[in-house]
Amino acid sequence: MKNDRQKKIIELVENRCIETQEQLLDQLRQCGFHSTQATVSRDIKELQIVKSLDGMGGYRYCLPHRVEGERFGARFRVIFRECVTNIDYAQNIIVIKTMPGLGAAAGANIDSLKMPNMVGSLSGDDTTLVIMRDKESAAEFCRELHRMLE
């Protein structure tokens with residue numbers, strides 16, 4: 001049931017201009033899905049659906065776009081660019097400095113990548129430490145993050 005509902009949500013978001021959760025819920029009901037506001041909200045989060053400008057001054061739901069072979073999605077970039085102030089590494093540890101209070105947001109974004117060479121991350125108020133398996137993967141990931149912030 002959940003998979004069918006989420007497939008329908010993807011189809012609706014791709015093919016219709018849906019601006020609110022209420023509109024999405026109404027569209028689902030018209031398609032025979034009996035959902036609640038909480039269910040739709042959870043589905044939006046799980047599917048990583050975002051709002052973008054519709055070209056006429058309003059916003060609409062859309063799927064996050066990823067270029068083939070690109071590691072970072074648009075949502076990741078926006079959050080990261082807004083909160084990160086500096087990135088550096090030493091050996092296999094990447095230090096990500098953020099605006100005060102946004103260290104956890106940066107860490108959550110990094111964790112969502114589920115990178116095979118990443119052991120884990122630890123976030124504080126304005127710093128996130130990312131532990132990589134070796135210094136080569138730390139250097140490469142640090143370069144990727146710097147390119148993304150440019």
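Values below: all heavy atoms of this structure, side chains included; hydrogens, waters and symmetry mates excluded.
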Between Val40 and Glu22, is a side-chain contact (heavy atoms from CB on, under 4.5 Å) present by the stated rule, with each step listed? CA-CA 9 Å; Val40 169; Glu22 291 79 19; over 6 Å; no
Any side-chain heavy atom of Met118 within less than 4.5 Å of one from Asp111? yes
Nearest non-hydrogen partners of Tyr61 and Thr20, listed with the distance: CE1-C, 3.5 Å
Between atom NZ of Lys7 and atom CG of Asp43, what is the distance when rounded to the nearest 0.5 Å? 13.5 Å
Can you tell if the side chain of Phe33 reaches within under 4.5 Å of the side chain of Ile9, non-hydrogen atoms only? no
Could you go through Glu46 and Lys2, starting from their C-alpha distance and side-chain angles, then the distance that decides it, and tell me whether this counts as side-chain contact (heavy atoms from CB on, under 4.5 Å)? CA-CA 11 Å; Glu46 285 180 18; Lys2 176 181 175 180; 2.9 Å; yes
Shortest non-hydrogen contact from Ala106 to Cys83? CB-SG, 4.1 Å
Can you name the nearest heavy-atom pair linking Thr127 to Thr98, along with the distance? N-OG1, 4.0 Å
Decide whether Val95 and Val119 are clustered together by the hydrophobic rule: side chain heavy atoms of Ile, Leu, Val, Met, Phe, Trp, Tyr closer than 4.5 Å, transitively. yes
Using the rule that two of Ile, Leu, Val, Met, Phe, Trp, Tyr join whenever any of their side-chain heavy atoms come within less than 4.5 Å, decide whether Val84 and Tyr89 are in one cluster. yes
Side-chain heavy atoms of Glu11 within contact of Arg16, under 4.5 Å: no
Inter-residue atom distance Ile49.CD1 - Gln21.CD, 0.5 Å rounding: 10.0 Å
What about Leu145 and Ile131, same hydrophobic cluster or not, with Ile/Leu/Val/Met/Phe/Trp/Tyr joined at side-chain heavy-atom distances under 4.5 Å? no
Is a side-chain donor or acceptor of Ser137 paired with a backbone partner of Asp134 at a separation under 3.5 angstrom? yes
Please walk me through it: do Ile94 and Leu129 pass side-chain contact (heavy atoms from CB on, under 4.5 Å)? CA-CA 6 Å; Ile94 300 172; Leu129 300 177; over 6 Å; no
Over 12 foreign heavy atoms within 6.0 Å of NZ, Lys51: yes
Value for CG (Asp126) from CG (Asn86), rounded to nearest 0.5 Å, stands at 11.5 Å
Has the side chain of Asn92 got a donor or acceptor atom that lies under 3.5 Å from a matching backbone atom of Met132? yes
Under the 3.5 angstrom rule, does the side chain of Arg29 hit a backbone N or O of Ser35 as a donor-acceptor pair? yes
Below 4.0 angstrom, N of the basic side chain to O of the carboxylate: do Glu140 and Arg147 qualify? yes
Judged by atom type as modelled, is there a donor-acceptor pair below 3.5 Å linking the side chain of Arg60 to the main-chain atoms of Val13? yes
Nearest 0.5 angstrom please: Ile44 CD1 to Gln6 CD, how far? 10.5 Å
Linked, directly or transitively: Ile93 and Ile87 (ILVMFWY side chains, under 4.5 Å): no
Got a donor-acceptor contact below 3.5 angstrom from the Thr128 side chain to the Gly103 backbone? yes
Hey, what do you get for NZ (Lys8) to CD1 (Ile10), rounding to the nearest 0.5 Å? 11.5 Å
Quick check for you: to the nearest 0.5 Å, what is the distance between Leu28 atom CG and Arg5 atom CZ? 8.0 Å
Note: Ile18 and Leu24 closest approach over all heavy atoms is CG2-N, 3.6 Å
